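Worksheet: the structure to be examined is printed underneath.
As the structure is a prediction and not an experimental result, all values here were calculated from the model.
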Amino acid sequence: MGARQLAMAPDVRLSFAVFACLFLRAAWALTVRERAGAPMPKPMLAALHSTSVFALGGGAANSSALGGNLSSSAPVGDWVCVGAADIVIIVDASGSVGAEGMKGTKAFLKRLAGHLRLGTAPSEQLVGVIQVGATAKVVSPLTRDRKELDAGIEALTPGGFGMDLAQGLGLVEAVARYGRESAPTKVLIIADGPPVRQRIALQFAARVAAYAQLIVLLVAPVHNERAIAAASEWATAGGPHTGTLLRSESYEHLGQSCPMSILASLCPLFGQVHRPMALN
């Protein structure tokens with residue numbers, strides 16, 4: 001029994017019971033709304049998820065950060081994403097992020113990637129990464145190669161004066177077209193504030209929301225109402241109750257945060273890898 005064995009809990013489709021079991025172990029408080037039904041082919045995908053807002057890292061929860069804060073040291077163990085998903089990550093690389101902020105983003109993305117099972121099998125995921133500042137570029141195409149994904153994350157570099165999110169969203173289709181018809185498309189946006197062209201960004205977000213689920217991770221303190229309002233508009237660009245918005249208090253907290261709430265939105269299913277017991 002030298003190899004790991006994957007044991008998947010029954011009926012773990014984003015159910016409240018599964019996450020309550022996980023999060024209560026670390027005194028977490030989360031609200032997760034369940035989406036029923038199997039994944040549909042991409043051309044038929046509609047934005048089906050209810051908008052939910054969490055707080056990652058520090059900061060007090062209030063009406064704009066429902067469900068409480070997640071502990072940055074909460075144990076995740078060997079829980080992994082199980083189920084097909086094509087994931088495109090848009091990363092804010094504007095000047096406001098800075099070198100230290102990008103370190104936090106990279107640390108979080110690497111931790112997140114560690115809970116994904118990259119591949120093209122029905123239980124695996126493909127991931128691509130887009131960097132967006134004043135301009136946007138693909139730093140990693142949709143890939144099943146962990147080394148390629150790690151290299152793309154490591155290549156993320158902040159610079160420029162603002163984030164033109166419309167350009168980043170405009171590249172999503174080019175990245176996602178190499179995905180699978182049978183796998184839902186998930187688009188994760190990590191950003192710390194409003195873009196330079198909010199109205200244009202919303203138009204592009206609505207186009208993406210027609211075939212993908214939008215998940216926004218805002219890195220901003222709870223009192224930054226302008227940033228929260230802008231991010232809420234991205235998440236609901238496909239209509240009311242169509243996306244997911246999460247918040248981290250700062251890039252420092254993001255770098256230390258458990259990615260479980262993001263995984264709750266990205267993953268169709270959860271499973272647990274059981275390590276064989278060592279024989280003396």
Side-chain angles (χ1 to χ4, degrees), residues 14 19 22-23 26 28 30 32 49 52 54-57 69-93 97 101-119 123-132 139-156 168 172 175 179 183-192 212-219 243-273:
L14 290 183
F19 286 99
L22 287 172
F23 296 156
W28 299 347
L30 285 177
V32 177
H49 282 248
S52 50
F54 303 91
L56 283 165
N69 300 319
L70 298 186
S71 168
S72 60
S73 60
V76 180
D78 289 330
W79 284 89
V80 295
C81 186
V82 180
D86 294 342
I87 302 167
V88 181
I89 303 173
I90 300 176
V91 178
D92 185 348
V97 177
M102 189 57 75
K103 286 183 181 179
T105 299
K106 290 180 180 181
F108 181 78
L109 288 176
K110 290 176 181 178
R111 189 176 296 113
L112 174 65
H115 294 282
L116 300 177
R117 304 178 70 235
L118 300 184
S123 62
E124 296 174 335
Q125 305 85 46
L126 299 175
V127 183
V129 182
I130 297 170
Q131 169 179 302
V132 59
V139 296
S140 175
L142 207 60
T143 184
R144 62 181 181 180
D145 187 325
R146 192 167 296 276
K147 289 184 178 179
E148 185 175 26
L149 176 59
D150 288 344
I153 293 173
E154 197 57 43
L156 291 166
V172 170
V175 175
T185 301
K186 310 293 183 91
V187 177
L188 170 62
I189 302 171
I190 302 177
D192 62 11
Q213 181 200 354
L214 289 174
I215 303 150
V216 179
L217 174 51
L218 177 66
V219 183
T244 302
L245 173 61
L246 305 99
R247 185 183 60 82
S248 178
E249 186 74 6
S250 66
Y251 282 109
E252 180 181 1
H253 282 106
L254 180 65
Q256 301 170 359
S257 293
C258 167
M260 187 60 75
S261 58
I262 290 287
L263 289 169
S265 296
L266 293 177
C267 300
L269 301 168
F270 270 97
Q272 190 169 26
V273 175

Review point. Which heavy atom in Gln131 sits nearest to a heavy atom in Ala155, and how many Å separate them?
Key: OE1-O, 3.9 Å
Revision key, fill the gap. Minimal heavy-atom distance between Met260 and Trp79, with the atoms involved, is CE-CB, 4.3 Å
**Study point:** Over 12 non-hydrogen atoms of neighbours within 6.0 angstrom of NZ in Lys106
**Key:** yes
Practice item. Applying salt bridge (Lys or Arg N to Asp or Glu O under 4.0 Å), name anything that partners Glu148, two or more places apart in sequence or on another chain. Key: none
Practice item. Any chance you could measure Ile189, atom CD1, to Leu217, atom CG, to the nearest 0.5 Å? Key: 10.5 Å
Point to revise | Test applied, side chain to side chain contact (heavy atoms under 4.5 Å, CB included); reference residue, Leu188; option that passes from Val88, Leu112, Val127 | key: Leu112
Review point. Counting distance only, does the side-chain N/O of Arg111 pair as donor-acceptor with the main-chain N or O of Ser257 below 3.5 Å?
Key: yes
Study note, to complete from the structure: CZ (Arg247) and CG (Asp192) are apart, to the nearest 0.5 Å, by 13.5 Å
**Study point:** Whether over 12 other heavy atoms sit under 6.0 Å from Glu124 CD
**Key:** yes
Practice item. Could you give me the CA-CA distance, side-chain angles and deciding distance for Val219 and Thr105, then say whether side-chain contact (heavy atoms from CB on, under 4.5 Å) is met? Key: CA-CA 10 Å; Val219 183; Thr105 299; 5.9 Å; no
**Study point:** Distance-minimising heavy-atom pair for Ser248 and Ser250
**Key:** OG-O, 3.1 Å
Exercise for review: Mind checking the CE-CD spacing from Met102 to Glu154? Nearest 0.5 Å is all I need.
Suggested key: 10.5 Å
Check your understanding: Which pair of heavy atoms, one from Ala85 and one from Pro268, lies closest together, and at what distance?
Key -> CB-CD, 4.3 Å
Practice item. Can you measure from CZ (Arg117) to CZ (Arg146) and round to the nearest 0.5 angstrom? Key: 10.0 Å
**Study point:** Criterion side-chain contact (heavy atoms from CB on, under 4.5 Å) on Phe108 and Ile262, from CA distance to verdict
**Key:** CA-CA 11 Å; Phe108 181 78; Ile262 290 287; 3.7 Å; yes
**Study point:** Passing option when Ile190 is tested against Ile90, Val97, Asp92, Leu109 for side chain to side chain contact (heavy atoms under 4.5 Å, CB included)
**Key:** Leu109
Review point. Under 3.5 Å, side chain of Gln125 to main-chain N/O of Gly83, donor-acceptor pair present?
Key: yes
Practice item. Go through the steps to decide whether Asp86 and Val175 satisfy the test side-chain contact (heavy atoms from CB on, under 4.5 Å), and finish with yes or no. Key: CA-CA 10 Å; Asp86 294 342; Val175 175; over 6 Å; no
Revision key, fill the gap. Which of Leu149, Leu126, Thr185 passes side chain to side chain contact (heavy atoms under 4.5 Å, CB included) with Leu142? Answer is Leu126
Practice item. Compare all side-chain heavy atoms of Gln213 with those of Ser265 and state whether any distance is below 4.5 angstrom. Key: yes
Check your understanding: Looking only at heavy atoms, which two atoms of Thr244 and Leu246 are closest? And how far apart?
Key -> CG2-CD1, 3.6 Å
Review point. Going from CG on Leu118 to CG on Asp150, what distance comes out if it is rounded to the nearest 0.5 angstrom?
Key: 8.5 Å
Review point. For Ile215, does its backbone N or O pair with a side-chain atom of Lys186 as donor and acceptor, under 3.5 Å?
Key: no
